[in-house]
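One structure is given here, and the rest of the page talks about it.
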Number of protein chains: 2
Amino acid sequence: MSSGMSDEETETGLPASFEMAWGVRDRPTKGPKRGLSLEQIVDAGIHVANTEGIGGVSMGRVAKELGASAMSLYRYVASKDELLALMIDGAFGQIEIELVDGTWRERLKRWAEVELVAYRRFPWILRIPVTGAPIMPRQLWYMEQGLRTLGGTGLEEHEKLSAVLLVTSFTRSFAMLSGDIAAAFEAGDPTTARIMPRYGELIKKLTTAEEYPALHAVVDAGTFDEDGEEFDNLDYDFHFGLERVLDGIESLINRRNA
Amino acid sequence: MSSGMSDEETETGLPASFEMAWGVRDRPTKGPKRGLSLEQIVDAGIHVANTEGIGGVSMGRVAKELGASAMSLYRYVASKDELLALMIDGAFGQIEIELVDGTWRERLKRWAEVELVAYRRFPWILRIPVTGAPIMPRQLWYMEQGLRTLGGTGLEEHEKLSAVLLVTSFTRSFAMLSGDIAAAFEAGDPTTARIMPRYGELIKKLTTAEEYPALHAVVDAGTFDEDGEEFDNLDYDFHFGLERVLDGIESLINRRNA
DNA sequence: ACTCTACTGCGTAGAGCGTAAACAGTGAAT
DNA sequence: ATTCACTGTTTACGCTCTACGCAGTAGAGT
């Protein structure tokens, strides 16, 4: 508690670096000028994550990227977890949210596609365990955009929130699954890479048609055969699932307006 | 490569410990009797995760639980990641999957509820980053059960799969969010605990109603006020979202049978 | 101008992690 | 009886996050 960026109490209860990201909290004017900035550090972390994966992100590695020492980062960030949270927010800030006009359904669909693009550009985001509800600026901004797409639908506010959470949860899960599959084809994770191209084959080797009839039926239908070979197929699967989600929301909207 | 459990090639391409979990691969009969078993180790790992959280799970800690040395575990498991994957599967094996008869909708709903129960009993599962498609016995068995609920619906096989993935992805995401909220109330994570009870309040402090009108509307509607106080509310939110998902699937089923 | 003192970045060090390597004991196969 | 694949363990290496203390910096107060 004697040095470094502590998580001291403030009126928001947020860590100091988070308030920094919000633009709240004015820097003290006393000591020497700061050699770095929070934004620099976060960007460096994102750069390392983009090029070397989330596993390559260590305090020392990020500091090296900036020609600084590992400990110097702790003047800007209280812990590595804080840095990771800030990196997620920074990544969301780098995607341009170009939304469209139209029906709520078109708007919400476009909104979900933007999120998928973000996960494809920054796949390491999905490897960072989620902790708590979103509190960072860009994430809340993204939520705001999502809620707006449901304006004029006649839904209750809490229903809008649930609907938006529904869409993000699907997008996130799909990005996880498809990201792993796509990554397995490209780079060579020794475990995943060997497994995925022969997923259907593998299932049939491990399970019997008597015990796992439904699973075998899916495999026999060729579902896994062409999966993942191209992004086109993955895109198709994404939209297929998304349309189901939107159907569910539409069904609720219709009931509310009946 | 000279000692330990290597990830040597086999006909499945799976790590040796995974084949062990499947019951494939016969133990070599040569050397001294084994002092431990894969199941023991996995159970010990689950026990540590249950009592001390996923952060408490280290090779040394798990070995200590069994009165063995850390390195001895590597005779059964090639890496910590493998152990974690086996722990997830072991946890799924500990929940009793009591499904019901009835309409596909009732069956699928019950199926999702079982998964939620699993995440509540083993919250640490959600903290383990997902890697690749499911290949462990209990997870595939659970998928099998899910696919079966959609028998006789007239859906294509790949549509059944998508529908099942849709339901799990929602359940998983919901469990993550609600688990964090519930945990914040109970134990005291310094960051999350202070934030969640005043989430709505916090949002209004950080954002303006001009820039974030939709978000403010949700907060003003009192959506966050009583959230998380009791499990009842969380249960309500879960079923609300789940019904939306089921509506989406129903809409597809109706179209296929039209 | 001079001190105060809050603040800066950094070097050191500690505790903990996963796991590679080498080693001595074991017991079925020969 | 010998062989040798297999066992659990000890030791050690490299890496991680980060608590602590130190020297230098520069605005504030006098």
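First the proteins, then the strands, lettered A, B, ... as listed; each starts at 1.
Remark: C1' of C:dT19 and CD of B:Glu82 are 13 Å apart, rounded to the nearest angstrom. We find that CG of A:Leu83 is positioned 10 Å from P of D:dT18, with the value rounded to whole Å. As rounded to whole Å, 18 Å separates atom C1' of D:dA19 from atom NZ of A:Lys80. Atom-to-atom, CG of B:Asp81 to P of C:dC17 comes out at 16 Å; the value is rounded to the nearest Å. Rounded to a whole Å, the CZ atom of A:Arg34 is 14 Å from the C1' atom of D:dT25.
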Which pairs would a plain distance check flag for residues 37-45 of chain A, meaning a side-chain donor or acceptor within less than 3.5 Å of a matching protein atom at least two apart in sequence or in another chain?
| residue | atom | partner | partner atom | Å |
| --- | --- | --- | --- | --- |
| A:Ser37 | OG | A:Gln40 | N | 3.0 |

- Query: Is there a side-chain contact (heavy atoms from CB on, under 4.5 Å) between B:Leu215 and A:Trp141 once you walk through the steps?
  - Reply: CA-CA 9 Å; B:Leu215 210 49; A:Trp141 175 244; over 6 Å; no
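Scanning for salt bridge (Lys or Arg N to Asp or Glu O under 4.0 Å) contacts around B:Glu65 gives B:Arg61, with sequence neighbours left out. By the salt bridge (Lys or Arg N to Asp or Glu O under 4.0 Å) test, B:Lys30 pairs with no residue at all, sequence neighbours left out. Listed by chain and number, the residues in a side-chain hydrogen bond (donor to acceptor under 3.5 Å, both in side chains) with A:Arg121 amount to none (sequence neighbours excluded).
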At a cut-off of 3.5 Å, list every protein nitrogen or oxygen paired with a nitrogen or oxygen from nucleotides 27-30 of chain D, distance to 0.1 Å.
| residue | atom | partner | partner atom | Å |
| --- | --- | --- | --- | --- |
| D:dG27 | O4' | A:Lys30 | O | 3.3 |

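Of the residues in residues 54-73 of chain B, those lying under 4.0 Å from DNA chain D by heavy-atom distance are B:Ala68, B:Ser69, B:Met71, B:Ser72.
Proximity note for A:Tyr74 (side chain, C-beta onward) versus C:dG27, C:dT19, D:dT18: the nearest is D:dT18. With C:dG9, D:dA26, D:dG8 as the choices, the nucleotide that has an atom nearest any side-chain atom of A:Arg75 turns out to be C:dG9.
Aromatic ring pairs are classed by plane angle as parallel below 30°, tilted from 30° to 60° and perpendicular above 60°; the pair A:Phe92 and A:Tyr119 is perpendicular.
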